[in-house]
Structure formats: C-alpha cells, structure tokens
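Single-structure report; data block below.
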Amino acid sequence: MTHFSRLLELDSECVWHPYSAIGADSPMYLVKSAKGVRIKLFDGTELIDGMSSWWSAIHGYNHQGMNQALSSQLQDMSHIMFGGLTHQPAIDLANQLIKLTPKSLKTVFFVDSGSVAVEAALKMAIQYWQSKRYHKKQKILTIRHGYHGDTFGAMSVSDPENGMHKLFSEMLIKQFFADAPSCKFDQPCLESDIISFKTQLINHHPNIAAVILEPIVQSAGGMYIYSPQYLQQVRELCNQYDVLLILDEIATGFGRTGKMFACEHASIEPDIMCVGKALTGGYLTLAATLTTQHIAQVISEGEPGLFMHGPTFMANPLACVAGMSSLKLLLKSPWEKRIEFIETTLKEGLEPCLAYPPVKDVRVIGAIGVVELHQPVNINKIQPLFVEAGVWIRPFNTIIYIMPPYVINPEDLRTLINSIIRVVSVIGRKP
Ligand SMILES: *Cc1c(COP(=O)(O)O)cnc(C)c1O
C-alpha cells in the first residue's frame, strides 16, 4: 500500500470533515501544497481553484509578501493572551477595519471564526437593550435561506431546514423568520416582497433585539442574490421599530460582490457587522464583530458594564498580521477592475448552462457565479468529474458555484467555466 493511500485510509477512519460521515466512501483528495490559484495533490495532479477555500483565499495561496509578513511576526510572537495585554497587529488591523467598513462602525471585537463573530453580534444586540432596560428585547428576526454558522446561536438564525432545527429542537432558541425576498438583484422591491418581514416586525418588535441578514447574497443557504432595495427597506423598518440591524458580511465582505462590502450596493449602514472568511486572505482563522460608538458606549456603561465575551485566542497576533497584510494587498491591487472582469466573464460564460435541462437558474454577482440545478447533485459522482477536468469546484445540494481568487487569469477562469458547462451537459444525459 502506498504512503498516500494509507493516509487516506486513516483519514476516512478517524478524521471528521465538514458535514461528513466517518468511514464514508465519498471521494477525498490529499493535498500536498497550493500556490497562486493552483492546488497540488499528492499524486501530482494540479487543480485550478474555483472556491478560494470557501470565500477566503482571495489572493490565491502561498503569497510571498504575506508569507514574509507572517514569518517576521513569528520571530516576535505567534500568540499572547488578550486580557490585559495588547499588541500592534491587533491595533493596526482594528484601525484598518474601521477605515474600510461603513463609517458609523467604530469598535472592533476580534474572535476566531465567523460563527463566533455572529454569536458576539447577537450578544451585543441583547446586551445593548438590557443596558437600556428593555429586558424583553431578547429575540432575533431573520429571513429564510440564511446561513450564519454552525454554533447554537448562529444555527438559531440560519434557515430552519439547512440549519436542521428539528435535530436540535430542544436546545435551539426559537427566533422569528420572515420569507426570503423574491426580488432579484436588478429588480425593484415590491410591497409583496417585504410584507412578510414587515408583519413579523409589527407583531413582535417589543421582543426583537435585532435583525440579522446576509446583505445582497445569501451564501450557504442557497446562493440567492436579492435586491438592494429590499435591504434599504429593512434598514428603514429597523429604524422605525427600534430594532438593531446586524449585517453578516462574513461571505460577502472584502470585495467579493464588486463592492468592498455588500451593504454598499444599498448605500446603508448596519448597527453591528460581522466579517471573517477573506479577512486574512485565507491564511488563518480570524473574524470580527464591529459596532458603533453609541452601542459600545451603552453596553460599557450599562449593567454589568462589560461585554460578556472573550475567546482564548482573541486577536491572535499571527492572524492579525495576516489580516493586515491581506488588506494592504487588496487595497493596492486593482480589485474593482479584477472583479468587474470576473463578473463579465462569468455572466457571459455561464449563460450557455441555461440550455441544459438539469439547470434551473444561472446567477452572477461580482466574483460569484452560481448554477442552480433542479435536483441535488450526487457529489460522489460529480466531484471526480471536476477533478478530471483539472479544477477544484465543490458543489452542495442543488448548487454548482465558483468564487475564484481575485487574481485568477482569463484562461484559468475560462477553464473553470468550461468545466461547469461540461459537467451540466453530462449530468443531463440519460444513462
Ligand atoms: C461561513 C459563514 C459563517 C460562519 O463562519 P465560520 O468561520 O465557518 O464559523 C457565517 N456567516 C456567513 C454568511 C458565512 O458565509
């Protein structure tokens, strides 16, 4: 038995993967290294990366400048506790984030993952109202098809079906859900689109601390892209009914939709915002929850006068340096032009998919291309087809999607697109 088939056997026996089973016979590929937009497997196969490791590796892998910044930080320290101690990487990154995000956001709470950033956001909202002695404002309103993470608070505001509310029904907090908007990105938001949300707010606002939404693009809940006008109306209604607005920009942040943050499509600002994923350019796990001066002040002056959260690895210096280094790279790159180019190419390139019977819809925004099928994909069958085509694309449920690193060249992007067209043409054929 070769070394790498033994490794894969061990993996299958004892290592859990995301949403996976132990001992399953689903295809698994052993990665040796990654550089630029190429993922190199142990058997020598090279794959063009269509996933950016789930929205994060926006500059591609193994970037020399980022590597240098990180190894230099290693010489100083890789980690130090954040209680009572602080450091330049955290201060620099917090300041950079405040500059980059909507201007009302003035404070930064660092956490170690997106889900935890959502937990912190929910706790901030509830603590805010507690401090103002609105003790009944403890619930959250959200829309269906959302995804906010895998921890209990985050699950409670994710789509009831995708979030598997039934499985965890005894533990899961019951929140309020409105229908997802049906108005697409370029469509106006009609009264019929917003009525469900409005009704929930009218009926329950005395108990609602905050609304949480993914702005413009709903990610893992189905890759739906909705109208900025809907988001504008949500903002107005939140103001009107005295409810905070949390925007989860964990997937959409840092340029992915063509704007630095997706809320800019609607020219609105949240009261609390979560960022993660692309924050460190895919190098290390780091996320953050930002809020306004006012909310920070109310929490800090209220009872008990502290924000009740503090992860062990909060503001890890290596991760903060990766964040700083990634943001510098992004800001000095022509990222808007690059994403515009990717958007145009995806729109024109993926359209032919609509001609194939298994395809229900094609949608594109920024550097995100989505092909929705009528039936869920058989991942065991479809995954090897993509690998044979020399690309790394990882579909879920009925969705085949790509969100390549921003630095991808036209030829590689074309290969990604062609592989999708080929795969939808193959799965359409009768056996
Ligand atoms: C991925 C994601 C999360 C969860 O982030 P993790 O780092 O996986 O915990 C939360 N919200 C959105 C919108 C996401 O895409």
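Every number for a ligand or one of its atoms is a count from 1 in the order of the listing.
Judged purely by distance below 3.5 Å, without hydrogens or angles, the side chains of K360 and H374 never pair a donor atom with an acceptor atom. Judged by distance alone, the side chains of E269 and S104 do bring a donor and an acceptor atom under 3.5 Å apart. A side-chain donor-acceptor contact under 3.5 Å links Y19 and D150.
Ligand 1 places these atoms under 4.0 Å from at least one heavy atom of S113: 7 (O), 9 (O). Residue contact check: A251 has heavy atoms under 4.0 Å from atoms 15 (O) of ligand 1. Every atom of ligand 1 is numbered from 1 in the order shown, and the set under 4.0 Å from a heavy atom of G114 is 4 (C), 5 (O), 6 (P), 7 (O), 9 (O). The ligand atoms of ligand 1 that sit less than 4.0 angstrom from a heavy atom of D248 are 10 (C), 11 (N), 12 (C), 13 (C). For ligand 1 and E214, the ligand atoms under 4.0 Å from any heavy atom of the residue are 13 (C). Close approach of ligand 1 to H148 (heavy-atom distance below 4.0 Å) involves ligand atoms 10 (C), 11 (N).
Relative orientation of the Y241 and H205 rings is tilted, given thresholds of 30° and 60° on the angle between their planes. By the 30° and 60° cut-offs, the orientation of the rings of F82 relative to H87 is tilted.
Between H145 and Y226, a ring centre-to-centre spacing not shorter than 6.0 Å is recorded.
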For residues 399-407, tabulate all N or O donor-acceptor pairs below 3.5 Å that involve a side-chain atom, not counting sequence neighbours.
{"from": "Y406", "atom 1": "OH", "to": "F254", "atom 2": "O", "distance (Å)": "2.7"}
{"from": "Y406", "atom 1": "OH", "to": "R256", "atom 2": "N", "distance (Å)": "2.9"}

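At a heavy-atom distance under 4.0 Å, atoms from both the backbone and the side chain of Y147 approach ligand 1. At a heavy-atom distance under 4.0 Å, only side-chain atoms of S219, from C-beta outward, approach ligand 1.
Considering backbone and side-chain N/O of W55, none are found under 3.5 Å from N/O of ligand 1.
Here the heavy atom of the protein found nearest to atom 3 (C) of ligand 1 is K277 NZ, 3.7 Å. If you check which protein heavy atom lies closest to atom 4 (C) of ligand 1, you get S115 N, 3.6 Å.
A salt bridge links R38 with D412: the closest approach of a Lys/Arg side-chain nitrogen to an acidic carboxylate oxygen falls below 4.0 angstrom.
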